[in-house]
Amino acid sequence: MLIATWNVNSVNARMGHLLVWLQARQPDVVCLQETKTVDDAFPRAAIEEAGYHVAVHGQKSYNGVAILAKTPIEDVQRGMGDQVLDVQARLLAGTVSGVRILSAYVPNGASLKDEKCLYKVAWLSGLRAHLDERYSPDDPLVVAGDFNVAPRDVDIAEPQKWHKTVLAHPSMREAFARVTDFDLVDVYAAHHPQGGNYSWWDYRTASYERGVGGLRIDGILATAKVSGRAISAHIDHQERAKERPSDHVPVLMRLVAEPTRETSDR
DNA sequence: ATGGTTGCTTAGCAA
């Protein structure tokens with residue numbers, strides 16, 4: 001089972017790349033972020049023709065999340081059940097093959113002294129509260145998305161440049177850690193302790209084209225029931241080299257087909 | 001300290 005997350009920066013603008021990538025990669029589950037469209041304008045038919053069930057939670061112009069899956073998506077839930085935090089479409093949940101999947105688009109926060117940064121912290125806090133309320137660390141649960149936080153220095157090409165920004169400031173890492181403290185494993189980090197690979201490059205500095213910079217601000221968090229099945233994690237950085245790419249690339253993890261038996265060596 | 005680019009929407013915002 002292959003599970004992926006990708007901030008596509010407009011699903012309609014990225015349809016060409018998305019369909020080619022789905023065909024080549026054949027992921028079983030895909031969490032999308034920044035779809036940037038209302039649900040009526042989501043390119044559902046073309047994705048269904050590619051062999052996927054589709055669940056969407058979008059809004060006009062900004063934000064927007066989706067889940068694609070080869071098998072049916074059950075018990076779809078939009079938002080986290082918070083009147084204020086749900087104004088922006090940033091969280092979508094669905095159950096696929098018995099695994100609860102959350103597609104999450106954490107607020108960027110703009111700058112440390114911007115009000116948006118307070119919203120970012122509140123949103124992460126709300127997500128933790130939502131996990132506490134609705135789920136147990138014993139559930140098979142995945143939270144995949146754009147975290148807008150690089151959890152470790154090895155997730156940043158030039159860490160010192162980013163420590164005073166919203167993507168890597170200690171206060172932001174703390175806010176993010178409160179989510180993972182629910183008992184979620186950062187699967188990419190667990191499989192790549194040395195880091196050095198990234199999922200986002202700023203358009204404005206052309207850092208990807210220049211072969212410098214990059215941050216891993218996207219990832220897949222999972223409870224033990226799921227992380228114990230993860231046999232590999234990968235970043236599809238070649239997507240960033242295409243013409244008119246998203247500024248983010250896909251992050252993936254592969255699970256063994258069947259849950260491993262905890263008592264198999266008994 | 002500022003600006004650089006992209007996308008949505010059409011001047012300005014968000015990232």
Side-chain angles (χ1 to χ4, degrees), chain A residues 5-19 21 31-44 46-47 56-66 84-92 103-124 127 144-151 155-158 160-169 171-173 175-176 198-219 236-251:
Chain A
T5 182
W6 192 5
N7 177 324
V8 288
N9 186 19
S10 170
V11 67
N12 282 303
R14 221 61 59 204
M15 267 310 271
H17 292 329
L18 177 60
L19 289 175
W21 178 79
C31 294
L32 299 178
Q33 300 85 35
E34 266 202 283
T35 51
K36 289 187 167 180
T37 177
V38 294
D39 295 351
D40 284 348
F42 193 97
R44 172 185 288 272
I47 292 173
V56 293
H57 179 40
Q59 66 181 87
K60 189 180 178 184
S61 306
Y62 302 117
N63 309 313
V65 282
V84 173
L85 299 174
D86 286 342
V87 169
Q88 301 185 8
R90 294 181 176 274
L91 188 71
L92 176 67
S103 180
Y105 176 38
V106 177
N108 172 286
S111 77
L112 290 169
K113 49 187 151 196
D114 195 299
E115 274 189 13
K116 293 194 188 76
C117 199
L118 298 175
Y119 184 76
K120 178 180 192 172
V121 173
W123 196 92
L124 286 165
L127 176 59
D146 175 0
F147 303 134
N148 267 314
V149 174
D155 294 315
I156 312 178
E158 301 157 306
Q160 68 293 343
K161 278 192 183 179
W162 293 91
H163 280 157
K164 52 176 148 340
T165 76
V166 291
L167 298 184
H169 191 270
S171 65
M172 299 294 103
R173 285 177 166 169
F176 179 68
Y198 315 112
S199 65
W200 174 84
W201 292 261
D202 198 338
Y203 285 133
R204 292 170 287 192
T205 52
S207 62
Y208 185 86
E209 293 83 343
R210 293 187 291 114
V212 298
L215 293 85
R216 188 187 67 88
I217 55 176
D218 304 86
D236 272 350
H237 60 85
Q238 80 286 349
E239 285 299 318
R240 193 63 175 80
K242 296 192 170 173
E243 208 170 312
R244 286 251 162 209
S246 170
D247 44 354
H248 297 251
V249 299
V251 179

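Naming: A, B, ... by sequence-line order, numbering from 1 per chain.
Atom CD of A/E209 and atom C1' of B/dG4 are 12 Å apart (whole Å). Rounding to whole angstrom units, CD of residue A/E115 and P of B/dC13 are separated by 15 Å. Atom pair A/E34:CD and B/dC8:P shows a separation of 10 Å (rounding to whole Å applied). Protein atom OH of A/Y119 is 15 Å distant from nucleotide atom C1' of B/dA15, rounded to whole Å. For the pair A/K161 NZ and B/dG3 C1', the computed distance is 14 Å after rounding to whole Å. A straight line from OH of A/Y105 to P of B/dA14 spans 11 Å, rounded to a whole angstrom. Distance, A/K164 NZ to B/dA1 P: 10 Å, rounded to whole Å. When rounded to the nearest whole Å, the span between CG of A/D202 and C1' of B/dG4 equals 8 Å.
B/dT6 sits 23 Å from B/dT2 when the P atoms are compared, rounded to a whole Å. Taking atom P in both B/dT9 and B/dA15, the straight-line distance is 15 Å, to the nearest Å. Remark: the separation of the C1' atoms in B/dA11 and B/dA1 is 24 Å, to the nearest Å.
Side-chain nitrogen and oxygen atoms of A/K116 include at least one within less than 4.0 Å of the OP1 or OP2 phosphate oxygen of B/dA14. Residue A/S10 has a polar side-chain atom (N or O) positioned under 4.0 Å from OP1 or OP2 of B/dC8. When the side-chain nitrogen and oxygen atoms of A/R90 are compared with OP1 and OP2 of B/dA15, one or more of them lie within a distance under 4.0 Å.
In this structure a side-chain-to-backbone donor-acceptor pair under 3.5 Å is missing from A/R240 to A/V249.
Ranked by how close their nearest DNA chain B nucleotide is to the 5' end, A/Y203 and A/H248 are led by A/Y203. Residues A/V11 and A/D247 both approach DNA chain B. Their nearest nucleotides, taken by heavy-atom distance, put A/V11 toward the 5′ side.
Checking B/dT9, B/dG4, B/dA15 against the side-chain heavy atoms of A/T205 singles out B/dG4 as nearest. The listed nucleotides are B/dT9, B/dG4, B/dC13; the one nearest the side chain of A/R204 is B/dG4. Nearest to the side chain of A/K36, among B/dT9, B/dC8, B/dG4, sits B/dC8.
Counting only residues at least two apart or on different chains, the side-chain hydrogen bond (donor to acceptor under 3.5 Å, both in side chains) pairs with a member in residues 203-215 of chain A are A/N9-A/Y203, A/D202-A/R204.
Of all non-hydrogen atoms in A/R90 and A/H57, the two that sit nearest each other are N-CD2, 4.4 Å. Heavy-atom minimum distance, A/Y198 versus A/G213: CD1-O, 3.7 Å.
Remark: the A/D236 side chain and the A/W21 side chain contain an N/O donor-acceptor pair separated by less than 3.5 Å.
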